[in-house]
Amino acid sequence: MYTFTRGVVGLALLTTATVLLSGCATTDQDPRSASTTTGPSRSATTPATKTPAAATVDFGQAPDGPDAPSCSTLLPSDLVDSLVPGVEPRDVVATVRHAIGSLATVRVAGGTVCSATNGVAQIDDVVPTTREDTAYEGVALSVLPDAAAAFRDAGTQATTPQETATVVRCDASDSARVFCHGGVLAGTAWVDVDVVRLQTSTDATPEAMLPTFRALLDGARTAVAASPAGTATGDDASGWAFTPCSPDRLNAVTSVTLRDSVSGTDTAPGIGEYAQGRIGSDVCRFVDDDGTSSAEAVFSSTPDAAWIVEQRLAAGLIDRGGRIELTGLGARDAAWRTCDDTACTVDVVHDGTWTQYFLTKRVAPDTSAAVERWAESSFSSAAG
């Protein structure tokens, strides 16, 4: 059993679910990431330019249904409730307010994503946690078909064997949480499971949770191995990707200096990074030195995922009335800005890609103007 220190808790949270952690090596060469050089931006006091919502936006189509078993099979309610009492099955992308675009990576790569959570977005988790703070708890499972080579490669990518994405383990943290994580090979598919539970009861310990966690993993492995997802072959590759990221554009609009979350660390790639390498997506997470949240800002760009924006618009999770203009948008592209009490996002649909900018009010008090300026300077440069 290992004990996480506070400085590692944010990274541990970001490894959960479907790629909520992606590493970034500082550079300014990726024109579609937050790393491009400064371009034109709106004044912080200038309101967004609104345009009429159009029925001609090209959202593309959702991929065919996955070949893996159903989520109710992969996440049995009795095991889930034993691991994290009180969580419920959720389609995080379609129901959670602050769903980061990188959540789509495994799905777009042909995989399956299943979650049971308390309804709090992982990006909203606060450390250390008081009774008044939001805190994520949940179980997240991902299946990436045709990934035997990727799974084996992941087992070699950490500085120590115990830190690889495939090792099955439960650990306690000094933030009063238990983290369980592990991966197994189910035929040719990679099955990855993450659990986060607050230590609010005597049975919330690594020793008590590990047997149930292993049982859930074993059951998922058996079910996936017997499904078409467990026998898929043909596109397996061991390549993975960490997006090159720089905070320069972002820091031009924030009141706090941010840095990318993984630069200078030895964070090992997980299932999300291998899915990211497969589809060519990007994700950058930025934190401050205080380390009280999992991220203060996130950039992501996911090809063939614009259909998710359509779902989130229909669910009221993106403000349909928040349509804004960005330099470089095509005739069937669109962008929307959505703000609440804690953060603002700009969601962009362009050529079937979902690009998203997420920014918290903790680091940019005039968040509505700041997030648009960040999106405008970054996106217009990429398009131009």
| request: Would you please name every residue forming a salt bridge (charged side-chain N to carboxylate O under 4.0 Å, His left out) with D203, sequence neighbours left out? | output: R197
| said: Using modelled atom types and a 3.5 Å cut-off, is there a donor and acceptor pairing between side-chain atoms of S377 and backbone atoms of R373? | reply: yes
| request: Applying ring-ring contact (aromatic ring centres under 6.0 Å, His included) between W374 and each of F358, Y357, F379, report the one that passes. | output: Y357
| Steps toward side-chain contact (heavy atoms from CB on, under 4.5 Å) verdict (L217, V168) | CA-CA 9 Å; L217 261 177; V168 178; 3.6 Å; yes
| C245 and F286, any side-chain heavy atoms less than 4.5 Å apart | yes
| remark: All heavy atoms of V195 vs all of M209, minimum pair found to be CG1-CE, 3.9 Å
| task | Examine distances only and state if a side-chain atom of N251 and a backbone atom of L258 form a donor-acceptor pair shorter than 3.5 Å. | result | yes
| Quick one: do the T243 and Q276 side chains pair a donor with an acceptor below 3.5 Å? | yes
| field | Residue pairs fulfilling ring-ring contact (aromatic ring centres under 6.0 Å, His included) with at least one residue in residues 209-232, sequence neighbours excluded | value | none
| said: Can a side-chain donor-acceptor contact be found between H181 and D192 if the only test is distance below 3.5 angstrom? | reply: yes
| message | When you compare the side chains of R90 and T117, does any donor N or O come within less than 3.5 Å of an acceptor on the partner? | response | yes
| Who are the side-chain hydrogen bond (donor to acceptor under 3.5 Å, both in side chains) partners of T200, not counting sequence neighbours? | none
| Sequence neighbours excluded, which residues qualify as salt bridge (charged side-chain N to carboxylate O under 4.0 Å, His left out) partners of D340? | R97
| field | Atom pair CG/CZ of L210 and R169 - distance to nearest 0.5 Å | value | 11.0 Å
| Between the side chains of T105 and S102, is a donor N or O closer than 3.5 angstrom to an acceptor N or O? | no
| task | State whether D125 and R177 are salt-bridged, where the test is any N-O pair (Lys NZ or Arg NE/NH1/NH2 against Asp/Glu carboxylate O) under 4.0 Å. | result | yes
| Judged by modelled atom types alone, do D347 and W354 share a side-chain donor-acceptor pair under 3.5 Å? | yes
| remark: Residues at least two apart in sequence or cross-chain that pass salt bridge (charged side-chain N to carboxylate O under 4.0 Å, His left out) with D218, listed by chain then number, are R221
| request: Could you list all the disulfide bond (SG atoms under 2.5 Å apart) pairs where at least one residue sits in residues 329-380, not counting sequence neighbours? | output: C339-C344
| query | Which atoms form the tightest heavy-atom contact between L359 and A364, and what is the distance? | reply | CD2-CB, 3.7 Å
| note | Tightest non-hydrogen contact, residues A189 and V143, listed as CB-CG1, 4.1 Å
| In terms of ring plane angle, is the pair W240 and Y274 parallel, tilted or perpendicular, where the classes change at 30° and 60°? | tilted
| note | What one should report as the nearest heavy-atom pair of A104 and I308 is CB-CD1, 3.2 Å
| task | Write down the atom of D124, the atom of H98, and the distance for their closest heavy-atom approach. | result | OD1-ND1, 2.8 Å
| query | Can D341 and K361 be counted as an ion pair, charged N to O under 4.0 angstrom? | reply | no
| message | Grouping I, L, V, M, F, W and Y whenever their side-chain heavy atoms are under 4.5 Å apart, do W307 and L313 come out in a common cluster? | response | yes
